[in-house]
Structure formats: C-alpha cells, structure tokens
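Below is one structure; the comments refer to it alone.
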Amino acid sequence: MDSTLHEVWQAAAGSPFIPTVGKGSQFWVAFVLLVIGFFLTGAFALNRSLVNLPVLAVPASLALAFGVVYMFCAVGVYV
C-alpha cells in the first residue's frame with residue numbers, strides 16, 4: 001500500500017475508463033428511464049398496497065433517480 005501517486009497514475013493509464021452508457025445515447029437512456037419511472041409511479045398510485053411497494057414503488061423511484069442523473073449528464077450538467 002506504499003505506492004506513490006505516480007505509480008497509481010501509470011497503472012491507471014493501462015486501463016482507460018469506458019462508460020457503460022455512451023455520450024451519444026445518454027439522453028435516450030435517461031428518457032426511457034424517466035418514462036418507466038412515471039409509468040410505475042402512476043401504476044402504484046392507482047393500487048397502493050404493501051405488495052406493490054417492492055414491485056412498483058421501489059423500481060419507480062430507482063428509475064426516476066437514475067433517469068434524472070443521466071438526463072443531467074446528457075445535457076452537460078454533471079452532478
């Protein structure tokens with residue numbers, strides 16, 4: 001664990017960062033996630049029960065959260 005910053009920099013140069021979602025498709029991924037999130041939120045609002053909480057509400061909140069983050073990245077506002 002006694003590596004210097006220069007050694008870490010050299011090791012990182014051999015493995016460049018490749019994002020999971022490319023810059024050109026971030027907007028569409030964000031748009032799809034937001035649509036899915038709003039759809040699941042509406043479905044949960046129509047039938048609120050304890051069973052639908054993990055089935056609809058949790059995926060809806062995750063889709064909305066990741067959709068908003070990707071949308072900010074797609075328009076150039078990095079969080």
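Along the sequence shown, residues are numbered consecutively beginning with 1.
For the atom pair Gln10 CD and Thr4 OG1, the distance stands at 9.0 Å (nearest 0.5 Å).
For Leu40, the side-chain contact (heavy atoms from CB on, under 4.5 Å) partners at least two apart in sequence or on another chain are Ile36, Leu56, Pro59, Ala60. For the side-chain contact (heavy atoms from CB on, under 4.5 Å) test, residues two or more places apart in sequence or in another chain that qualify with Val35 are Phe31. Listed by chain and residue number, nothing satisfies the side-chain contact (heavy atoms from CB on, under 4.5 Å) test with Phe39 (two or more places apart in sequence, or in another chain).
Using a 4.5 Å cut-off between side-chain heavy atoms of Ile, Leu, Val, Met, Phe, Trp and Tyr, with links allowed through other members, Leu64 and Trp28 fall into the same hydrophobic cluster. Leu62 is connected to Leu33 through a chain of hydrophobic side-chain contacts under 4.5 Å among Ile, Leu, Val, Met, Phe, Trp and Tyr, so both are in one cluster. The cluster map of Ile, Leu, Val, Met, Phe, Trp and Tyr, joined by side-chain heavy atoms under 4.5 Å apart, puts Leu34 and Phe72 in the same cluster.
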Kindly list each side-chain donor-acceptor pair under 3.5 angstrom involving residues 42-50, sequence neighbours excluded, with atom names and distances?
from: Ser49; atom 1: OG; to: Asn52; atom 2: N; distance (Å): 3.4

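The two residues Gly67 and Ala30 make their nearest non-hydrogen contact at O-CB, 3.4 Å.
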